[in-house]
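Okay, structure first, notes after.
In what follows, chains are A, B, ... by sequence order, proteins preceding strands, each numbered from 1. FYI, side chains are in, hydrogens and waters are out, and symmetry mates aren't considered; it's all heavy atoms of this structure. Source: prediction; values computed, not measured.
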Amino acid sequence: MGETRLIMAGDFFLKVFRVVRLIPEGRVTTYGHIARFLGTGRSARVVGYAMNASHNDRTVPAHRVVNRVGLLTGKHFFDGTTLMRDLLESEGIVVVEDKIQEFSSKVWDPLEHLNQDDFFESSPQ
DNA sequence: CACCTGACTGAAT
DNA sequence: AATTCAGCCAGGT
């Protein structure tokens with residue numbers, strides 16, 4: 001079970017990627033929510049760092065991760081200045097001046113929708 | 001091995 | 001209500 005450790009990328013980043021892949025279309029979550037779900041509530045900043053490292057991997061919907069008040073703080077790391085916003089708007093999210101409108105109804109908290117035990121049991125990828 | 005860097009956050013101002 | 005501060009910690013150098 002814990003033996004498959006062939007991958008070089010840090011476990012933490014991989015776990016972040018796995019959570020982000022589970023964010024439903026049209027919903028978003030925050031760096032802090034992901035950190036708390038992974039049991040490291042003080043690593044929100046590192047979650048952002050992981051998102052930066054995910055830009056090779058098209059299977060990670062990085063545009064669905066925003067800061068705790070719904071600001072698109074990571075937009076600068078997408079190609080062009082509007083890609084992050086465009087992707088969100090294509091999923092029905094309304095963004096005004098880099099801020100998601102009706103944010104509280106769009107947030108998807110992994111702690112409410114995923115089971116941590118199942119998540120940690122299941123193998124990466 | 002000892003720094004340095006931040007897609008962050010909550011508390012203090 | 002807006003802004004600044006300081007702690008945070010996985011990776012990179």
Side-chain angles (χ1 to χ4, degrees):
Chain A
M1 277 81 79
E3 269 305 304
T4 355
R5 189 153 310 277
L6 308 166
I7 332 167
M8 287 310 293
D11 266 3
F12 186 76
F13 280 23
L14 293 180
K15 285 175 190 161
V16 171
F17 298 164
R18 287 175 57 212
V19 178
V20 174
R21 287 191 189 98
L22 297 171
I23 305 170
E25 214 181 292
R27 304 295 298 277
V28 293
T29 196
T30 73
Y31 305 100
H33 277 120
I34 294 171
R36 285 188 290 276
F37 176 75
L38 293 178
T40 56
R42 290 161 214 127
S43 301
R45 212 171 178 178
V46 181
V47 172
Y49 211 58
M51 297 318 291
N52 190 13
S54 80
H55 76 307
N56 308 327
D57 190 339
R58 298 279 187 100
T59 72
V60 178
H63 60 284
R64 297 183 188 139
V65 185
V66 298
N67 88 347
R68 84 179 149 113
V69 297
L71 282 170
L72 277 53
T73 45
K75 68 164 186 173
H76 181 66
F77 297 87
F78 287 77
D79 292 333
T81 44
T82 64
L83 181 56
M84 185 178 188
R85 185 187 72 197
D86 292 344
L87 289 168
L88 287 169
E89 290 186 331
S90 76
E91 300 181 0
I93 303 261
V94 179
V95 179
V96 175
E97 303 205 327
D98 294 338
K99 183 164 184 184
I100 292 179
Q101 303 304 112
E102 306 200 20
F103 182 53
S104 57
S105 69
K106 305 296 181 189
V107 172
W108 179 88
D109 182 354
L111 276 173
E112 288 179 10
H113 298 276
L114 301 178
N115 180 287
Q116 283 175 308
D117 292 331
D118 292 346
F119 182 87
F120 287 117
E121 279 173 25
S122 62
S123 51
Q125 191 70 289

Less than 4.5 Å apart, side chain to side chain, heavy atoms only: is that true for A:M51 and A:V16? yes
Would you please classify the geometry between the A:F37 ring and the A:F119 ring as parallel, tilted or perpendicular, with 30° and 60° separating the classes? perpendicular
Given atom NZ of A:K15 and atom C1' of C:dA10, what is their separation to the nearest angstrom? 12 Å
Looking at side-chain heavy atoms only, is the closest gap between A:I100 and A:L72 below 4.5 Å? yes
Result for side-chain contact (heavy atoms from CB on, under 4.5 Å) between A:H33 and one of A:D109, A:V28, A:V19, A:I23 points to A:D109
Spacing between A:F12 atom CZ and B:dG6 atom C1', to the nearest angstrom: 14 Å
Let me know the distance between CD1 of A:I34 and P of C:dA10, rounded to the nearest Å. 16 Å
Tell me: CZ of A:R42 to P of C:dG7, nearest whole Å? 14 Å
Reading nucleotides 7-13 of chain B from the 5' end, what letters show protein touch, with B for base, S for backbone sugar-phosphate only, - for no heavy atom under 4.0 Å? BBSB---
Got a sec: does the CG of A:D118 have more than 12 other heavy atoms crowding it under 6.0 Å? yes
Who is the Watson-Crick or G-U wobble partner of C:dA10, with both distances under 3.5 Å? B:dT5
Could you tell me how the ring of A:H113 sits relative to the ring of A:W108: parallel (under 30°), tilted (30 to 60°) or perpendicular (over 60°)? parallel
